[in-house]
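For reference, the structure discussed in these notes is given below.
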Amino acid sequence: MKILVTGGTGYIGSHTVVELQQQGYDVVIVDNLSNSHAGVVDRIAEITGKRPEFYNFDLIDREKTKTFFEICKDISGIIHFAAYKAVGESMNNPLMYYRNNLDSLINILQGMQDNGISNLVFSSSCTVYGQPDELPVRETSPIKEAWSPYGNTKQMSEQILKFAVEAHSLKTIALRYFNPIGAHESALIGELPLGIPNNLVPFITQTAIGLRKSLSVFGSDYNTPDGTAIRDYIHVVDLAKAHVVAVDRMISGKTKLPFEIFNLGTGNGFSVLEVIQSFEKVSGGKLNYQIVDRRPGDVEKVWADTSFANEELGWKALKNLDEMMLSAWNWEKALANKK
Ligand code: NAD
Ligand code: UD1
């Protein structure tokens, strides 16, 4: 069976393509390479021994998307990763975010409707919860007002899906990711942040390899045991495997509702200092860091209640924090060796 993976050369998309192929699915990728490289297709082929089909175009282009669906028949399901994801950038360029993240989704939904494709997995985010009133956060927890246009596009996308699914008899699973980190064990694919990384783990590994001088730890006065903010970090391969489970679930007709939502995390929260300690343990070196002020817009603590995903999908994240940090470090070292 053929699965369309939009954003399939990106960070989470590329790991998911590998898992899909290893489970016997054929994959066609659409990506405009706005935040990834065509070489990723070669790396995927190197890992799996199978080259995914690849189309390079912008999904906000209605005509091109329509033509793609006319050419590329027999798609059994779609995983829609393609989106912009930098929170800070979205504050400065909100319209760019609304246009890219919403238009691409609408064009995909139109393609599904026109071509009788009924299964969609959508990349959502724990950002939709803001700072939850209760932890761990459940799928039924209230959606809080968005703190950024990026977060708002995820909330709006979920709402668009809810209505589109009802009107057009589609099946959708929205997966709310917590904090994906780490890289494939082959160290052939991983996260490739452009410029200075915003996210914690790439900043840590780039500091350790010598690309950055020092990590700034944003805030040590949070109401947490060591004062630094807490997140639910999940290995990207565990996350990728959940997408295969979601696709299997839809294709085999096991969904219980036309629109389902699952949290994807480990259920464990770790502070920034705990992440640094884990990195120092697996890398065997000391990380240069300093405590600075809080980063505006950061929530204090958030971690997932994963029981719904564990029970209903039969999926569980398996890798622990040390394994996540080691794979991220191996990836950074592999990148340095290529230069
Ligand atoms: P990424 O930037 O590595 O991958 C996204 C891919 O989509 C890129 O390869 C990019 O070139 C492509 N793309 C973007 N806009 C496109 C368009 N209009 N047409 C065609 N291709 C386009 O990001 P990622 O970390 O792999 O994230 C994948 C999805 O998961 C995104 O929707 C993101 O919002 C969501 N998400 C990510 C995180 C995270 O921490 N990485 C957390 C929660 C949710
Ligand atoms: C952020 C976004 C989230 C998005 C995700 C992926 C916010 C509020 N959330 O998650 O919506 O899906 O990125 O792009 O922006 N930290 C440091 N120093 C650094 C970098 C981070 O101390 O240099 C801390 C942060 O304060 C935070 C933790 O590390 O406590 C994780 O940060 P990060 O990796 O950026 O992810 P989030 O902010 O959780």
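Note that ligands are numbered from 1 as they come in the structure, with each ligand's atoms numbered from 1 the same way.
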**Prompt:** Nearest protein heavy atom to atom 1 (P) of ligand 1, by residue and atom, and its distance?
**Reply:** Asn35 ND2, 3.8 Å
**Item:** Nearest non-hydrogen protein atom, atom 22 (O) of ligand 2
**Value:** Phe218 N, 2.9 Å
**Asked** Which of parallel (below 30°), tilted (30 to 60°) and perpendicular (above 60°) describes His15 and His184?
**Response** tilted
**Request:** Note the single closest protein heavy atom to atom 8 (C) of ligand 2, along with its residue, its atom name and the distance in Å.
**Result:** Gly297 O, 3.5 Å
**Asked** Going by the atom numbers of ligand 2, which of them fall below 4.0 Å from some non-hydrogen atom of Val272?
**Response** 22 (O), 24 (C), 29 (O), 30 (O)
**Request:** Could you tell me whether Lys281 and Asp322 make a salt bridge, using a distance below 4.0 angstrom between a side-chain N and a carboxylate O?
**Result:** yes
**Asked** Okay, side chain of Thr306, backbone of Ala309: is any donor-acceptor separation there less than 3.5 Å?
**Response** no
**Asked** In terms of atom number and element, which parts of ligand 2 are under 4.0 angstrom from non-hydrogen atoms of Ser125?
**Response** 12 (O)
**Fill in**
Taking only non-hydrogen atoms of Thr127 and a 4.0 Å limit, the atoms of ligand 2 in range are 11 (O)
**Asked** Which ligand 2 atoms, with their elements, are less than 4.0 angstrom from a heavy-atom of Asn198?
**Response** 20 (C), 35 (O)
**Prompt:** Does Arg176 have a heavy atom less than 4.0 Å from any atom of ligand 1?
**Reply:** no
**Request:** Any atoms of ligand 1 less than 4.0 Å from a non-hydrogen atom of Ser124? List them with their elements.
**Result:** 43 (C), 44 (C)
**Message:** For atom 34 (O) of ligand 2, what is the closest protein heavy atom, and at what distance to 0.1 Å?
**Reply:** Leu200 N, 2.9 Å
**Complete:** Ranked by distance from atom 22 (C) of ligand 1, the top protein heavy atom is Asn32 OD1, 3.1 Å
**Message:** Using the rule given for side-chain hydrogen bond (donor to acceptor under 3.5 Å, both in side chains), can you reason through Tyr97 versus Glu89, listing the C-alpha separation, both sets of side-chain angles and the distance that settles it, and then say yes or no?
**Reply:** CA-CA 9 Å; Tyr97 270 67; Glu89 187 182 56; 2.4 Å; yes
**Prompt:** Under 3.5 Å, is there a donor-acceptor pair between the side chain of Asn101 and the main chain of Ala83?
**Reply:** no
**Asked** Got a salt bridge between Glu70 and Lys66, using NZ or NE/NH1/NH2 to carboxylate O under 4.0 Å?
**Response** yes
**Message:** For atom 39 (O) of ligand 2, what's the nearest protein heavy-atom neighbour? Residue, atom name and distance, please.
**Reply:** Arg231 NE, 2.6 Å
**Asked** What protein heavy atom sits nearest atom 24 (P) of ligand 1, and how far off is it?
**Response** Lys85 NZ, 3.8 Å
**side-chain hydrogen bond (donor to acceptor under 3.5 Å, both in side chains), paired with Tyr129, selected from Arg176, Arg138, Lys144, Glu139** = Arg176
**Message:** Just to confirm my output: which protein heavy-atom neighbour is closest to atom 28 (C) of ligand 1, and how far is it?
**Reply:** Phe81 O, 3.7 Å
**Item:** Side chain Ser271, main chain Thr228, donor-acceptor under 3.5 Å
**Value:** no
**Request:** Provide, to 0.1 Å, the distance between atom 33 (C) of ligand 1 and the closest protein heavy atom, together with that atom's residue and name.
**Result:** Tyr150 OH, 3.7 Å
**Prompt:** Among protein heavy atoms, which lies nearest atom 15 (N) of ligand 1, and at what distance?
**Reply:** Asn100 ND2, 3.1 Å
**Prompt:** Lys85 heavy atoms, cut-off 4.0 Å: which ligand 2 atoms fall inside?
**Reply:** 14 (O)
**Message:** If we count only N and O atoms by modelled type, under 3.5 Å, do the side chains of Glu260 and Thr255 hold a donor and an acceptor together?
**Reply:** no
**Prompt:** At a 4.0 Å threshold, what atoms of ligand 1 neighbour a non-hydrogen atom of Gly10?
**Reply:** 3 (O), 4 (O), 9 (O)
**Request:** Mark up the atoms of ligand 1 that fall under 4.0 Å of a heavy atom belonging to Ser123, in ascending order.
**Result:** 29 (C), 30 (O), 32 (O), 35 (C)
**Item:** Lys/Arg N to Asp/Glu carboxylate O, Arg62 vs Asp103, below 4.0 Å
**Value:** no
**Prompt:** With distance as the sole test, does Trp303 use its side chain to make a donor-acceptor pair with the main-chain N or O of Ile230 at under 3.5 Å?
**Reply:** no
**Asked** Which residue owns the protein heavy atom closest to atom 12 (C) of ligand 1, what's the atom, and how far is it?
**Response** Asp31 OD1, 3.2 Å
**Which residue and heavy atom of the protein sit nearest atom 35 (O) of ligand 2, plus the separation** = Arg295 NH2, 2.8 Å
**Asked** Backbone or side chain, does any N or O of Val217 fall under 3.5 Å from an N or O of ligand 2?
**Response** no
**Message:** For ligand 2, which is the ligand I care about here, please tell me if Phe203 has any N or O atom under 3.5 Å from one of the ligand's N or O atoms.
**Reply:** no
**Request:** Give me the ring orientation class for Phe57 and Phe68: parallel if the planes are under 30° apart, tilted from 30 to 60°, perpendicular past 60°.
**Result:** tilted
**Message:** List ligand 1 atoms under 4.0 Å from Ala82, heavy atoms only on the residue side.
**Reply:** 7 (O), 13 (N), 16 (C), 21 (N), 22 (C)
**Message:** Students should be able to answer this: which protein heavy-atom is nearest to atom 40 (O) of ligand 1, and at what distance?
**Reply:** Pro180 CD, 3.2 Å
**Minimum-distance protein heavy atom relative to atom 28 (C) of ligand 2** = Tyr233 OH, 3.4 Å
**Prompt:** Taking only heavy atoms of Ser216, which atoms of ligand 2 are found under 4.0 Å from at least one of them?
**Reply:** 17 (C), 18 (N), 19 (C), 22 (O), 23 (O)
**Message:** Only heavy atoms of Ala229, strictly under 4.0 Å: list the atoms of ligand 2 that pass.
**Reply:** 30 (O)
**Prompt:** Among all protein non-hydrogen atoms, which one is nearest to atom 9 (N) of ligand 2, and what is the separation to 0.1 Å?
**Reply:** Val87 CG2, 4.0 Å
**Message:** Closer than 4.0 angstrom, basic N to acidic O: yes or no for Asp238 and Lys319?
**Reply:** no
**Item:** Which residue and heavy atom of the protein sit nearest atom 5 (C) of ligand 2, plus the separation
**Value:** Asn199 ND2, 4.0 Å
